[in-house]
Protein chains: 2
Amino acid sequence: MKRRNTPTKEAVLDVLITTGKAMSQDAIEREIDININRATIYRVLNRFCEDGILHRIVAEDGKQYFAMCINCDENPKPLYHFHFRCIKCETIECLPKEVNFSLPKDYLIENVNCVLSGVCKDCSQLAI
Amino acid sequence: MKRRNTPTKEAVLDVLITTGKAMSQDAIEREIDININRATIYRVLNRFCEDGILHRIVAEDGKQYFAMCINCDENPKPLYHFHFRCIKCETIECLPKEVNFSLPKDYLIENVNCVLSGVCKDCSQLAI
DNA sequence: TTATTATTGCGAATATGTTGCAATAATATG
DNA sequence: CATATTATTGCAACATATTCGCAATAATAA
Ligand SMILES: [Mn+2]
Ligand SMILES: [Mn+2]
Ligand SMILES: [Zn+2]
Ligand SMILES: [Zn+2]
């Protein structure tokens with residue numbers, strides 16, 4: 001199943017690159033000018049995750065958010081990094097902080113999903 | 001709104017105390033012998049969370065899991081601790097490991113939701 | 001240009017969690 | 001114990017997120 005280039009894939013990646021944040025399917029759909037079906041966006045996002053182009057974060061709202069992998073911008077991020085979800089502006093950003101943990105004997109690690117939530121700097125300064 | 005004692009609340013707490021793990025609504029319902037309505041279980045769980053008797057974890061499967069607070073058993077746990085979700089046996093346990101993080105300036109923390117996932121010791125040893 | 005098949009749109013299905021409302025039952029009070 | 005108050009429950013309906021089957025479309029290889 002060789003991948004093909006399509007306007008949909010381009011548009012989705014474009015939005016994610018531009019915002020530089022983690023976005024949910026509906027947020028992505030809202031930002032795209034052309035009309036793309038909900039299911040299609042999910043399929044594109046899932047494929048990007050399989051291919052290691054995006055990574056998936058599940059926030060405490062139970063929703064999936066998607067962000068570009070690793071060297072998002074200037075600062076490359078550790079494989080397992082924290083995420084911050086602002087409850088005011090509803091955005092999620094990848095923090096360049098590594099998650100440090102240790103597991104008891106005989107535990108096998110497969111994935112890490114760490115989300116801190118609160119108010120981001122933009123929103124906390126607005127309040128002043 | 002003074003709280004009342006009911007068989008439902010007792011049954012739910014009982015299951016959570018017995019397993020000592022974090023459980024989802026459907027897992028709890030399955031473990032209870034009497035029939036309790038889905039919505040009722042959710043309401044009971046939400047009330048326990050409000051009252052600080054349970055805490056809520058959202059796993060990467062997007063589902064909510066509920067566990068007894070802090071001094072679950074012998075070892076008291078830090079306020080912000082890691083959780084481990086086994087993808088084999090589908091259980092979640094509270095790890096007595098504190099989550100260490102630091103936020104950039106002007107960020108306000110409100111909540112922490114950290115879930116590691118993989119294979120727990122019981123399931124990894126079964127494979128041997 | 002044509003054939004192959006990855007990708008899409010659509011509608012329906014699944015799953016998790018919440019809510020309105022009337023019925024039930026726990027508790028307080030005399 | 002009898003009665004009033006109201007927290008709690010069951011039920012059905014709702015909301016939302018995500019997936020799936022299937023036929024139509026379109027990107028690429030030949
Ligand atoms: Mn990230
Ligand atoms: Mn816990
Ligand atoms: Zn914000
Ligand atoms: Zn296990």
Whole-Å gap separating P (D/dG10) and CD1 (B/I36): 7 Å
Have a look at B/Q64 and say if it touches a base, only the backbone sugar-phosphate, or nothing, with a 4.0 Å heavy-atom cut-off. sugar-phosphate
Of the candidates C/dA26, D/dT28, D/dC22, the side chain of A/R43 sits closest to D/dC22
Measure the distance from CZ on A/R47 to C1' on C/dA6 and round it to the nearest whole Å. 8 Å
A/R85/A/E90 salt bridge by N-O under 4.0 Å criterion: yes
Which nucleotide in C/dT18, D/dT8, C/dT16 has an atom nearest any side-chain atom of B/K63: C/dT16
Between CG of A/N35 and P of C/dT7 the distance, given in whole Å, is 21 Å
Assign B/S24 to base, sugar-phosphate, or nothing according to its heavy-atom contacts below 4.0 angstrom with the strands shown. nothing
Under 3.5 Å, is there a donor on one side chain and an acceptor on the other for A/R56 and A/N113? no
Classify the angle between the aromatic ring planes of B/H81 and B/H55 as parallel (below 30°), tilted (30 to 60°) or perpendicular (above 60°). perpendicular
What contact category does A/N46 fall into here, base, sugar-phosphate, or nothing, at under 4.0 angstrom with non-hydrogen atoms? sugar-phosphate
Would you tell me if any nitrogen or oxygen in the side chain of A/T6 comes within less than 4.0 Å of OP1 or OP2 on C/dT7? no
With nearest nucleotides of DNA chain C determined for B/R4 and B/D61 from heavy-atom distances, which residue corresponds to the more 5′ nucleotide? B/D61
Which distance, rounded to the nearest 0.5 Å, do you find between the CZ of A/R30 and the CE of A/M23? 7.5 Å
Without decimals, in angstroms, what is the distance between B/N5 CG and C/dA25 C1'? 13 Å
Taking only the side-chain nitrogens and oxygens of B/Y42, find out if one of them lies under 4.0 Å from OP1 or OP2 of C/dG17. yes
Please check if the distance between the ring centroids of B/F66 and B/F48 is under 6.0 Å. no
Please state how far atom CD in A/E10 lies from atom P in C/dT8, giving the value in whole angstrom units. 12 Å
Would you say a side-chain N or O of A/T40 is under 4.0 Å from OP1 or OP2 of C/dT7? no
Which whole-number value in Å describes the distance from B/M23 CE to C/dT16 P? 14 Å
Take atom CZ of A/R38 and atom P of D/dA15, then tell me their distance rounded to the nearest Å. 15 Å
Atom CG of A/N37 and atom C1' of C/dG9 are separated, to the nearest Å, by 5 Å
Verify the contact: side-chain N or O of A/R3 to OP1 or OP2 of C/dT7, cut-off strictly under 4.0 Å; return yes or no. yes
